[in-house]
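First the structure, in the form of structure tokens, and then the observations on it.
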Protein chains: 2
Amino acid sequence: MTSPRFNCGLDAALAVIGGKWKFHILYYVAQQPRRFGELRRLVVGISEKMLIQQLRELEYDGVVHRHDFQEVPPRVEYSITGFGTSLAAAVAPLCAWGVTHMEAVVALRD
Amino acid sequence: MTSPRFNCGLDAALAVIGGKWKFHILYYVAQQPRRFGELRRLVVGISEKMLIQQLRELEYDGVVHRHDFQEVPPRVEYSITGFGTSLAAAVAPLCAWGVTHMEAVVALRD
DNA sequence: CAGCATCCGCGACGATACTG
DNA sequence: CAGTATCGTCGCGGATGCTG
């Protein structure tokens, strides 16, 4: 926890998965390849604009891979990369923490 | 990673440490008790308004503890709670990931 | 020193309509 | 189906000044 450069490491990590939606997108894509419309349904509350925008950034950062099947009707799949997998593993403990302490947290929100 | 309820767990976690600054504040407070002015200097770029606001939320969520020494000149220390410690532990892997992949990330930003 | 109050810009984000 | 384009808003967060 008090490891050297923690802060700068955090900056790097947050530069990649920062923002409101990327955690969630990463979660679903990490499970299995996902189509665009699929993600739109899974990530509750996200708009198309945000979804495509965040996906583009994740792709640019090498976290996900975009595969266009060149079909009609259009079909595109987003899959996780090796890089993304390592990131997902780093995020997993945070999720686990959330699961464990969820009750305590939601109790405060009422 | 594909554990059940990951997503909801994430929601709970992000409700507590979401936002632009809390990761950083948590980092410094986790190391040792910190005074207000100290944090203002450590968390580079944060404004007083944001700092106090985020500290209040972290306090409300039971992540940090605020100790007012009732002195003049004023002296207040923020320390981490047991709850906060568990959260910091969950965030640590993300930081470690950032440290490891920092070069790759910053390389893209140029 | 440790805050609080106020003003306000700007960009994140949403809603809607449209296209190949 | 998988986007693109455009417009509008909302509130995050910065800047500044003041107080006990």
Side-chain angles (χ1 to χ4, degrees), chain A residues 7 10-11 13-29 31-61 63-80 109, chain B residues 7 10-11 13-29 31-61 63-80 109:
Chain A
N7 194 34
L10 247 192
D11 286 333
L14 291 180
V16 176
I17 35 97
K20 191 176 175 181
W21 300 108
K22 287 183 186 167
F23 281 96
H24 299 282
I25 296 174
L26 178 65
Y27 166 62
Y28 289 113
V29 175
Q31 293 176 341
Q32 59 185 272
R34 300 287 192 180
R35 300 187 56 174
F36 181 84
E38 203 178 355
L39 287 171
R40 190 176 44 194
R41 266 173 281 114
L42 289 170
V43 184
V44 182
I46 197 171
S47 65
E48 286 188 355
K49 176 183 161 186
M50 278 300 107
L51 179 54
I52 190 63
Q53 179 180 307
Q54 307 286 299
L55 280 171
R56 292 261 191 273
E57 293 180 16
L58 288 173
E59 184 192 4
Y60 178 81
D61 285 331
V63 174
V64 304
H65 173 72
R66 179 178 185 274
H67 183 206
D68 190 336
F69 285 85
Q70 307 283 5
E71 297 174 353
V72 282
R75 180 171 162 224
V76 174
E77 268 189 3
Y78 293 90
S79 54
I80 197 163
R109 312 283 166 179
Chain B
N7 194 34
L10 247 192
D11 286 333
L14 290 180
V16 176
I17 33 96
K20 191 177 175 180
W21 300 107
K22 288 184 185 166
F23 281 97
H24 299 282
I25 296 174
L26 178 65
Y27 167 61
Y28 289 114
V29 174
Q31 294 176 339
Q32 60 184 272
R34 300 289 191 179
R35 297 187 57 175
F36 182 82
E38 201 179 355
L39 286 171
R40 189 176 43 194
R41 265 173 283 114
L42 289 169
V43 184
V44 182
I46 196 172
S47 66
E48 286 188 355
K49 176 183 161 187
M50 276 301 106
L51 179 54
I52 190 62
Q53 180 180 306
Q54 305 288 299
L55 280 171
R56 291 259 191 277
E57 294 181 15
L58 287 173
E59 183 192 5
Y60 178 82
D61 285 330
V63 174
V64 303
H65 174 71
R66 179 179 185 273
H67 183 207
D68 190 336
F69 285 85
Q70 306 284 2
E71 297 173 354
V72 282
R75 181 170 160 224
V76 174
E77 269 190 2
Y78 294 89
S79 55
I80 196 162
R109 311 284 166 179

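Residue numbering restarts at 1 for every chain, and letters A, B, ... go by the order of the sequence lines.
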Looking at every strand, decide which applies to B:Tyr78 at a 4.0 Å heavy-atom threshold: base, sugar-phosphate, or nothing. sugar-phosphate

With a non-hydrogen cut-off below 4.0 angstrom, is B:Arg35 in contact with a base, only sugar-phosphate, or nothing? sugar-phosphate

When the distance from [atom1] of [X] to [atom2] of [N] is rounded to whole Å, what number comes out?
X	N	atom1	atom2	result
B:Met50	D:dT16	CE	C1'	15 Å
A:Arg75	D:dG3	CZ	P	13 Å
B:Glu38	C:dC1	CD	C1'	13 Å
B:Arg40	D:dG14	CZ	C1'	15 Å
B:Leu39	C:dC1	CG	P	14 Å
B:Arg34	C:dC1	CZ	P	17 Å

Heavy-atom closest pair, residues [X] and [Y]:
X	Y	value
B:Asp68	B:Arg75	OD1-O, 3.6 Å
A:Arg34	A:Tyr28	NE-O, 3.0 Å
A:Pro74	A:Arg35	O-NH2, 3.5 Å
B:Ile25	B:Val43	CG1-CG2, 4.2 Å
B:Glu38	B:Pro33	OE1-O, 4.2 Å

Using only side-chain N and O atoms of B:Arg56, determine if any of them is under 4.0 Å from OP1 or OP2 of C:dC4. yes

At under 4.0 Å, does any side-chain N or O of B:Arg66 touch on OP1 or OP2 of C:dG3? yes

From the candidates D:dG14, C:dG3, D:dT4, the one with an atom nearest any side-chain atom of B:Val76 is C:dG3

Looking at C:dC13, C:dG3, D:dG14, which one has an atom nearest to any side-chain atom of B:Phe36? C:dG3

On DNA chain D, nearest-nucleotide positions of A:Glu77 versus A:Lys49: which is more 5'? A:Glu77

Judged by nearest nucleotide, the residue sitting upstream toward the 5' end of DNA chain C, B:Gly37 or A:Trp21, is B:Gly37

Hey, which sits more toward the 5' end of DNA chain C by its nearest nucleotide, A:Pro74 or A:Gln53? A:Gln53

Check: C:dC4 base within 3.5 Å donor-acceptor of B:Glu48 side chain: yes

